[in-house]
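Notes to accompany the following structure.
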Amino acid sequence: MDLVLIGAGRVGTAVATLLQDAGHRLVGVASRSPDSARRASDLLGAPVFALGLLPAADAALLGVPAAALESLGAEVAALRRSEIVCHFAGAVGIAPLRAVTAKGMFAAALHPVQTCPDIETALQLLPGSAWGVTTSPEIATWAHELVTASLRGFPVEVAESDRALWHAAAVTTANGTAALMTLGEAILARIGVDRPARVLGPLAAGTVTAAAARDGAGTALTGPVVRGEAETVASHVRAFQERAPELLEAYRLVARTILMAVEAAGRVEDRGAESILRALDG
């Protein structure tokens with residue numbers, strides 16, 4: 001396929017690179033940011049164009065945030081130089097591209113469930129990842145094949161009305177994991193541990209590996225909250241009160257979140273949950 005990339009963000013540029021590696025051809029790049037356009041052009045070997053001068057292509061890839069999709073979709077629809085218009089945002093499906101479908105073109109939303117802090121990391125992590133797929137009905141098969149064959153991922157069909165919760169699950173997992181590790185690092189730094197990320201990084205990686213290998217992450221939960229060890233939790237609370245009171249509320253929030261997860265997995269008795277809550281409040 002001949003492709004154009006409009007908006008050269010991290011995800012869009014990484015996806016375009018993977019597609020090009022799979023044999024598709026990038027014939028043009030357009031971006032409101034000259035720096036990102038130049039970066040994408042250098043990486044992809046594709047010329048930079050103004051949006052209105054982009055060459056015709058089989059598909060236009062929109063590498064822009066969700067908030068920009070509706071206005072950009074209208075511009076692309078007015079140009080009508082691509083048969084398919086595809087974006088990679090998670091929280092929305094093809095509804096923002098209604099101007100595209102109104103012109104008889106096809107729309108696709110392909111959201112990679114992966115962290116992409118930069119292009120290089122995205123290129124390493126995207127293969128093997130899940131992709132949330134929402135498309136015009138006529139190109140559903142094409143989208144699934146593109147994800148499977150060209151992006152080396154696995155497609156998951158997501159209804160338009162389910163996109164917000166789909167995205168919420170992804171960002172809660174990704175940013176929640178990073179946030180919890182950040183809190184752990186702050187606790188270790190409070191007691192003078194040097195480079196706490198080196199201590200907690202292998203633990204976090206091991207936890208994710210164990211959760212992925214089991215039938216649901218709930219079976220990988222462990223620790224005093226899971227076991228109903230209220231006195232251990234109480235000792236944590238006392239230590240925070242004495243040594244790091246500014247971190248106590250964050251610890252309580254995390255412990256309550258763990259308790260909710262354990263209850264959802266059916267792994268704690270009511271009396272155990274009550275004793276943990278009393279320990280946290282104490």
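- Under a 3.5 Å cut-off, the side chain of R81 and the backbone N or O of L54 do form a donor-acceptor pair.
- With contacts defined as side-chain heavy-atom distances shorter than 4.5 Å, the pair I6/V64 does not qualify.
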Evaluation steps, side chain to side chain contact (heavy atoms under 4.5 Å, CB included), between R227 and T222: CA-CA 7 Å; R227 295 189 294 267; T222 186; 3.5 Å; yes

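- Although no hydrogens or angles enter the test, the distance criterion places no donor-acceptor pair under 3.5 Å between the side chain of S150 and the main chain of V147.
- P245 is not listed as a side-chain neighbour of F240, based on a closest heavy-atom distance of 4.5 Å or more.
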Take L151 and L126 through the test side chain to side chain contact (heavy atoms under 4.5 Å, CB included) and record every step on the way to the result. CA-CA 8 Å; L151 296 172; L126 284 175; over 6 Å; no

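- Checking side-chain atoms of S41 against main-chain N and O of A37 turns up no donor-acceptor pair under 3.5 Å.
- A donor-acceptor pair under 3.5 Å is absent between the side-chain atoms of S136 and the main chain of I139, judged by distance alone.
- Annotation for L44 and A16: closest pair CD2-C, 3.8 Å, computed over non-hydrogen atoms.
- Atom-to-atom distance recorded for L248:CG and E242:CD is 11.5 Å, nearest 0.5 angstrom.
- Residues H111 and W166 have side chains that bring a donor and an acceptor to within less than 3.5 angstrom of each other.
- Using a cutoff of 4.0 Å between basic side-chain nitrogens and carboxylate oxygens, R238 and E231 are scored as salt-bridged.
- A heavy-atom distance below 4.5 Å is not found between the side chains of L61 and V4.
- Residues R256 and L277 have side chains in contact (heavy-atom distance under 4.5 Å, counting atoms from C-beta outward).
- Of all heavy-atom pairs spanning I191 and R243, the tightest one is CG2-NH2, 4.0 Å.
- For the pair F88/V15, a side-chain contact is recorded, criterion being any heavy-atom separation below 4.5 Å from C-beta on.
- For CD of E83, the number of neighbouring non-hydrogen atoms (other residues, nucleotides, ligands) closer than 6.0 Å is 12 at most.
- For S82, the side-chain hydrogen bond (donor to acceptor under 3.5 Å, both in side chains) criterion is met by no residue, not counting sequence neighbours.
- The list of salt bridge (charged side-chain N to carboxylate O under 4.0 Å, His left out) pairs with a residue in residues 145-167, not counting sequence neighbours, is empty.
- Nearest heavy atom pair, residue T148 against residue P155, reads OG1-CD, 3.5 Å.
- Note on V29: it does not cluster hydrophobically with L51, by side-chain heavy-atom contacts below 4.5 Å among ILVMFWY residues.
- Taking hydrophobic clusters as Ile, Leu, Val, Met, Phe, Trp and Tyr residues chained together by side-chain heavy-atom distances below 4.5 Å, L123 shares a cluster with L5.
- A chain of hydrophobic side-chain contacts below 4.5 Å, direct or via other Ile, Leu, Val, Met, Phe, Trp or Tyr residues, connects V254 to L280.
- By the side-chain hydrogen bond (donor to acceptor under 3.5 Å, both in side chains) test, T13 pairs with no residue at all, sequence neighbours left out.
- Side-chain contact between S129 and V113 is absent, with no heavy atoms from C-beta onward closer than 4.5 Å.
- Contact of the S36 side chain with the S31 side chain is registered, since non-hydrogen atoms from C-beta on lie closer than 4.5 Å.
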Output, in order, the C-alpha distance, side-chain angles, deciding distance and verdict of side chain to side chain contact (heavy atoms under 4.5 Å, CB included) for H24 and L146. CA-CA 11 Å; H24 303 285; L146 187 77; 3.9 Å; yes

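- Not one N or O on the side chain of D58 forms a donor-acceptor pair closer than 3.5 Å with the backbone of M1.
- Separation of atoms NE2 (H144) and CG (L110) is listed at 9.0 Å; rounding is to 0.5 Å.
- A salt bridge links R38 with D35; the closest basic N to acidic carboxylate O contact falls under 4.0 Å.
- No continuous path of ILVMFWY side-chain contacts below 4.5 Å connects V48 to L43, so the two sit in separate hydrophobic clusters.
- In this structure, the separation between CG on L69 and NE2 on H87 is 5.0 Å, given to the nearest 0.5 Å.
- Once rounded to the nearest 0.5 Å, the distance linking CD1 of I84 with CH2 of W142 reads 4.0 Å.
- Expressed to the nearest 0.5 Å, how far OG1 of T135 lies from CZ of F106 amounts to 10.0 Å.
- Applying the side-chain hydrogen bond (donor to acceptor under 3.5 Å, both in side chains) criterion to R190, with sequence neighbours excluded, gives E246.
- Put simply, V92 and I94 are part of two different groups of oily side chains (I, L, V, M, F, W, Y) that touch within less than 4.5 Å, one to the next.
- Residues satisfying the salt bridge (Lys or Arg N to Asp or Glu O under 4.0 Å) test with E70, not counting sequence neighbours, are R98.
- Nearest approach of S275 to A230, heavy atoms of both residues: O-CB, 3.6 Å.
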One pair to check against side chain to side chain contact (heavy atoms under 4.5 Å, CB included): D2 and L26. What are the steps and the verdict? CA-CA 6 Å; D2 283 350; L26 267 294; over 6 Å; no

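- For R80 (side chain) and K103 (main-chain N/O), a donor-acceptor pair under 3.5 Å exists by modelled atom type.
- Counting heavy atoms from C-beta outward, V156 and V133 have side chains that stay 4.5 Å or more apart.
- The number of heavy-atom neighbours closer than 6.0 Å to CZ of R10, taken from other residues, nucleotides and ligands shown, is 12 or below.
- Checked by atom type and distance alone, the side chain of T121 never pairs as donor or acceptor with a backbone atom of P117 at under 3.5 Å.
- Each salt bridge (charged side-chain N to carboxylate O under 4.0 Å, His left out) pair with one or both residues in residues 107-124, not counting sequence neighbours, would appear here, but there are none.
- Atom CG of L180 sits about 10.5 Å away from atom OG1 of T207, to the nearest 0.5 Å.
- Listed here is the closest heavy atom pair of I276 and V233: CD1-CG2, 3.8 Å.
- In plain terms, the two heavy atoms of G28 and A46 that are nearest each other are N-CB, 4.1 Å.
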